[in-house]
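Inspection log for the structure reproduced underneath, given as structure tokens.
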Amino acid sequence: MSSIPALQVKNLRKRIGNREIIKGLNFDVYPGEVFGFLGPNGAGKTTTIRMIVGLIKPTSGDVLIAGKNIETEFDEAMKNLGCIVENPELYPYLSGWENLEYFARMDPSIPKSRLQYVTDLVGLTNRIHDRVKTYSLGMRQRLGIAQALLGSPHLLILDEPTNGLDPAGIREMREFIRFLAKEEGLSVLVSSHLLSEIQLLCDRVAIISNGEIIRTDTVSALFAEQEQVVWKVEPMEEAKIILEEYTTVKIADDEKLITPYIADNIASWNKRLVEANIQVKEMKTVLPTLEDLFLEMTGGNRID
Ligand SMILES: Nc1ncnc2c1ncn2[C@@H]1O[C@H](COP(=O)(O)OP(=O)(O)OP(=O)(O)O)[C@@H](O)[C@H]1O
Ligand SMILES: [Mg+2]
């Protein structure tokens, strides 16, 4: 696989009316990685994705897919792209197979054998000849992905692919997306408003708030920094004084202490508390919520 980024977004902006909705985004997605686009409702994820896939025109800035500019080399760029924005467009009264045939007909370069290949890939082999209206939401999502993969793209873009799925469906979709990146070498851009989902699914993440990227990093670096330990200890005030010898300590719900999670130190902090006759009733690691993360990164500014 080439080392050109699968996707390059350069200073991308969108103004609608007199409101700037997307304010100069920059990020790259590399071959074979799952890249998360994380932000709360209204942050600008779908608008950005709609510009990347050519559904709406950027006010300014560039989008390159496999090195091809979507403005000047649109057809070349789109050859490398498969996408589902919001919901897959499917015909409920046709079978899954007929839906694939319908979309394959629009692109003569798709070999007939590709239909069976993508069907097997998304795990719909046994149900592909049933009507789509009999499919579960998860199966529809998979058929949508099969359709997006018909043209053998290098980049797959999925806007909130687990929306509406139950926990088992979410897990299945996550494993499937990781499988596509690993086994098919696909680059995947996936948007989500759930921090936990991004943590489990992605290699890297861009965090978007209010039309701006406030941070781009590897998921491991982001979470290594953000993981915390909640201590339920008695007496709390004494425990706080002891832990403060080593680290920063916050109080939560008037009855728990929160420290950063530092893997190498937790056991010795705990020992120190026990030696000082503090009862350690509970100790667990937790992730901050997306809201906490934003507050931290934006220095306490409200997100809207
Ligand atoms: N056609 C439009 N006209 C006016 N405003 C728009 C239009 N499309 C989007 N917006 C505004 O742009 C902002 C970003 O919307 P967008 O749908 O991109 O957010 P999102 O991150 O995808 O949110 P969600 O998680 O709810 O899907 C919102 O404030 C929205 O109201
Ligand atoms: Mg959206």
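Being a predicted model, the structure only gives us computed values, none of them experimental. All ligand and atom numbering here is 1-based and tracks the order in the structure. The first residue of the sequence shown is numbered 1, and numbering continues consecutively from there.
- Linking Ile, Leu, Val, Met, Phe, Trp and Tyr residues whenever their side-chain heavy atoms come within less than 4.5 Å leaves Ile208 and Leu194 in two separate clusters.
- Within the 4.0 Å heavy-atom criterion, both parts of Thr47, backbone and side chain, lie near ligand 1.
- Counting the atoms of ligand 1 from 1 in the order shown, those under 4.0 Å from a heavy atom of Thr46 are 17 (O), 18 (O), 20 (P), 22 (O), 27 (O).
- Ranking the protein heavy atoms by distance from atom 8 (N) of ligand 1 puts Ile16 CD1, 4.0 Å first.
- Those atoms of ligand 1 that come under 4.0 Å of a heavy atom in Ile21, given as number and element, are 5 (N), 6 (C), 10 (N), 11 (C), 12 (O), 13 (C), 14 (C).
- Not one N or O on the side chain of Lys45 forms a donor-acceptor pair closer than 3.5 Å with the backbone of Leu38.
- Enclosure of atom NZ in Lys232 is not indicated, since only 12 or fewer non-hydrogen atoms of other residues, nucleotides or ligands lie within 6.0 angstrom.
- The shortest contact between atom 26 (O) of ligand 1 and any protein heavy atom is with Asn41 ND2, 3.2 Å.
- Of the protein's non-hydrogen atoms, the one nearest atom 28 (C) of ligand 1 is Gly42 O, 3.8 Å.
- Among the atoms of Gly44, some N or O lies under 3.5 angstrom from an N or O of ligand 1.
- Counting only distance, with no hydrogens or angles, the side chain of Arg140 and the backbone of Tyr135 share a donor-acceptor pair below 3.5 Å.
- Between Ile251 and Ile258 the shortest side-chain heavy-atom distance does not fall below 4.5 Å.
- Note on ligand 1: Gly39 sits outside its first shell, no heavy atom being nearer than 4.0 Å.
- Among residue pairs with one or both ends in residues 218-242, none qualify as ring pair (Phe, Tyr, Trp, His ring centres under 6.0 Å); sequence neighbours excluded.
- Residue contacts with ligand 1 include Pro40, since one or more of its heavy atoms lies under 4.0 Å from the ligand.
- Not close to ligand 1: Arg50, with no non-hydrogen atom less than 4.0 angstrom away.
- Proximity of Lys45 to ligand 1, defined as any heavy-atom pair under 4.0 Å, is shared by backbone and side chain alike.
- Atom 2 (C) of ligand 1 is flagged as protein-proximal [any protein heavy atom, distance under 4.0 Å].
- Near Arg19, meaning under 4.0 Å from one of its heavy atoms, ligand 1 places the atoms 29 (O).
- Excluding water, every protein N/O/S atom under 2.8 Å from the Mg ion (ligand 2) is given here by residue and atom: Thr46 OG1.
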- Query: Are Phe27 and Phe37 close enough, and set up right, to give a ring pair (Phe, Tyr, Trp, His ring centres under 6.0 Å), and what steps lead you there?
  - Reply: CA-CA 10 Å; Phe27 63 94; Phe37 205 36; 5.3 Å; yes
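- Figure legend: Arg131 and Tyr93 shown without cation-pi pairing, the cationic atom not lying both under 6.0 angstrom from the six-membered ring centre and within 45 degrees of its axis.
- For Asn69 and Asp62, the side-chain atoms include at least one donor-acceptor pair closer than 3.5 Å.
- Remark: ligand 1 and Ala43 share an N or O pair separated by less than 3.5 Å (distance only, no angle test).
- Side-chain atoms of Asp130 and Ser95, non-hydrogen and from C-beta on, never get closer than 4.5 Å to each other.
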- Item | Working for salt bridge (charged side-chain N to carboxylate O under 4.0 Å, His left out), residues Glu76 and Lys79 | CA-CA 5 Å; Glu76 286 288 299; Lys79 254 189 219 154; 3.2 Å; yes
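- Ring-plane geometry between Tyr102 and Tyr91 is classed as perpendicular, the angle between the planes exceeding 60 degrees on a 0 to 90 degree scale with a lower cut at 30.
- Tyr261 is listed as a side-chain neighbour of Ile266, based on a closest heavy-atom distance under 4.5 Å.
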